[in-house]
Number of protein chains: 2
Amino acid sequence: MAGRPRQFDPDTAVEKYVELFWTNGFERTSVDDLQTAVGIKRGSFYAAFGDKNRACTLALDRYIGTNTAGILAVLEAAGNPVDGLCAFLRAAGRFMADNAGRGCLFFSLCSDVEGLPEEVARFLRQHEHDFFARVERRVRDAGKAGLLPEGQSSAAATSFVRAVLFGLNGMARVGALERSILQAAETAATAVHYWPQMARASSTRRGAALP
Amino acid sequence: MAGRPRQFDPDTAVEKYVELFWTNGFERTSVDDLQTAVGIKRGSFYAAFGDKNRACTLALDRYIGTNTAGILAVLEAAGNPVDGLCAFLRAAGRFMADNAGRGCLFFSLCSDVEGLPEEVARFLRQHEHDFFARVERRVRDAGKAGLLPEGQSSAAATSFVRAVLFGLNGMARVGALERSILQAAETAATAVHYWPQMARASSTRRGAALP
DNA sequence: CTAATAGTGGACCATATAGTCCATAATAGG
DNA sequence: CCTATTATGGACTATATGGTCCACTATTAG
């Protein structure tokens with residue numbers, strides 16, 4: 001097969017795209033930005049990547065393969081599921097603190113999924129589902145070991161973890177201090193650690209029962 | 001003072017702006033949307049509101065005066081600070097669950113503050129600061145009563161609450177189930193309830209100490 | 001050397017956007 | 001009634017955007 005060889009490396013291009021989408025979000029990253037970051041022109045960009053949505057999806061995929069996968073590895077590394085969850089929350093805190101101002105590309109795009117093109121949105125929803133399925137697996141293990149708050153489903157406990165992760169991301173994005181982010185993660189981890197000692201409902205509770 | 005009378009009510013216009021910015025965010029709400037929602041033309045819009053940034057700030061101010069203030073009232077209503085914090089978290093959960101897909105206008109804009117025009121960003125930062133100052137006041141009260149996790153600063157505990165709130169918002173925006181959001185809030189509230197019984201560091205901890 | 005193939009630059013297009021301008025219309029005070 | 005004053009419609013501008021097109025160029029297989 002003949003043809004003129006590409007004059008840029010699509011792989012390192014995607015790396016730059018990760019950076020752009022991460023720092024500026026989907027809408028505020030223009031095709032122009034994508035071109036100039038790689039030093040190519042429109043023709044080359046569209047030939048290589050199809051369109052902005054695909055470029056974003058590729059960037060996301062790359063991002064997940066590096067950063068997100070790394071955090072999930074922490075979740076699954078520890079022998080004890082509760083230790084895994086705690087280490088996971090702390091690692092997430094560390095990560096968010098290290099990315100003050102922008103947080104996590106994956107969670108940030110997820111938080112804005114309603115406003116994204118369907119193609120990107122589908123990709124995100126799929127991966128968000130998979131991500132928390134892995135969290136829930138770990139939480140279920142904790143449940144089998146009797147380490148969840150009394151009477152609480154693993155779905156409920158997973159929801160808490162999900163909220164904390166989205167929350168740490170939000171904090172990073174509002175520009176919270178590194179220390180605040182780490183403290184929040186730490187407090188969440190401590191709570192998880194104490195799950196086995198928590199009863200589900202307290203006498204002062206107001207809300208209705210939640211299975 | 002003479003002059004042609006306005007043919008629309010700026011107050012109800014702002015109400016519609018709240019709805020628009022809340023549902024679509026800042027960028028995805030165009031000046032055109034703002035016009036047509038009120039049934040006015042460009043001249044009238046700019047004469048009445050100045051520009052898009054001011055319209056957004058007005059909408060935010062209105063939103064805070066109704067929704068945000070309402071939630072803060074829950075925080076401060078209960079006699080016991082811990083009960084206040086728990087009720088506050090549950091109320092936030094309820095609110096987010098009731099606003100699946102869009103969450104809270106205030107927190108959502110905060111989470112995107114880096115990408116907003118400076119005028120709006122300043123307004124947001126100011127109010128975010130005030131908001132959590134009020135939370136922290138309540139947390140400090142809890143601290144005085146010895147109700148924080150052992151050795152944990154009120155700043156740290158406040159950060160946790162902050163993360164949970166941003167997290168509930170994120171969950172609402174990813175389209176989490178109503179039940180998941182409520183469960184997350186409930187689990188967080190339970191954790192707060194158990195603060196007095198938590199020691200700060202556990203033997204299995206890894207992270208460095210955080211004052 | 002030649003032809004088929006694939007990449008490149010950059011002009012071009014349609015559309016959307018925030019914001020300006022101004023002639024016209026509707027008031028209230030004199 | 002007249003005039004100063006304010007609001008209105010809507011044309012207009014400048015700019016940015018995602019995306020298409022195509023003549024041109026650099027390859028390699030034969």
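Just so you know, these numbers come straight off a predicted model, no measurement behind them. Heavy-atom basis, side chains included; hydrogens, waters and symmetry copies ignored. Chain letters run A, B, ... following the sequence lines, proteins first and then strands; every chain starts at 1.
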The side-chain hydrogen bond (donor to acceptor under 3.5 Å, both in side chains) partners of A/Asp130 (sequence neighbours excluded) come to A/Gln126

I'd like to check A/Asn67 versus A/Trp22 (side-chain heavy atoms, cut-off strictly below 4.5 Å). Are they in contact?
yes

One character per nucleotide, please: for nucleotides 17-24 of chain C, 5' to 3', B when the base has a protein heavy atom closer than 4.0 Å, S when only the sugar-phosphate does, - otherwise.
SBBBB---

According to salt bridge (charged side-chain N to carboxylate O under 4.0 Å, His left out), who are the partners of B/Arg62, at least two apart in sequence or on a separate chain?
B/Asp11, B/Glu15

To the nearest Å, give me how far apart CD (B/Gln35) and C1' (D/dT8) are.
12 Å

Of all of residues 5-18 of chain B, which get a heavy atom below 4.0 angstrom from DNA chain D, listed by number?
B/Pro5, B/Arg6, B/Gln7, B/Phe8

Going by the side-chain hydrogen bond (donor to acceptor under 3.5 Å, both in side chains) test, which pairs reach into residues 101-117 of chain B, not counting sequence neighbours?
A/Arg28-B/Asp112, A/Arg173-B/Asp112, B/Glu19-B/Arg102, B/Thr23-B/Arg102, B/Asn99-B/Arg102, B/Ser108-B/Asn169, B/Ser108-B/Arg173

Choose from D/dG10, D/dT8, D/dT27 the nucleotide whose nearest atom is closest to any side-chain atom of A/Ala2.
D/dT27

Which ring pair (Phe, Tyr, Trp, His ring centres under 6.0 Å) pairs, counting each pair once, include a residue from residues 164-188 of chain B, with sequence neighbours left out?
B/Phe107-B/Phe166

Under the rule for side-chain hydrogen bond (donor to acceptor under 3.5 Å, both in side chains), what residues qualify as partners of A/Glu118, not counting sequence neighbours?
none

Residues in side-chain hydrogen bond (donor to acceptor under 3.5 Å, both in side chains) with A/Arg42, at least two apart?
A/Asp32

Using the side-chain hydrogen bond (donor to acceptor under 3.5 Å, both in side chains) criterion, which residues pair with B/Asp51? Sequence neighbours excluded.
none

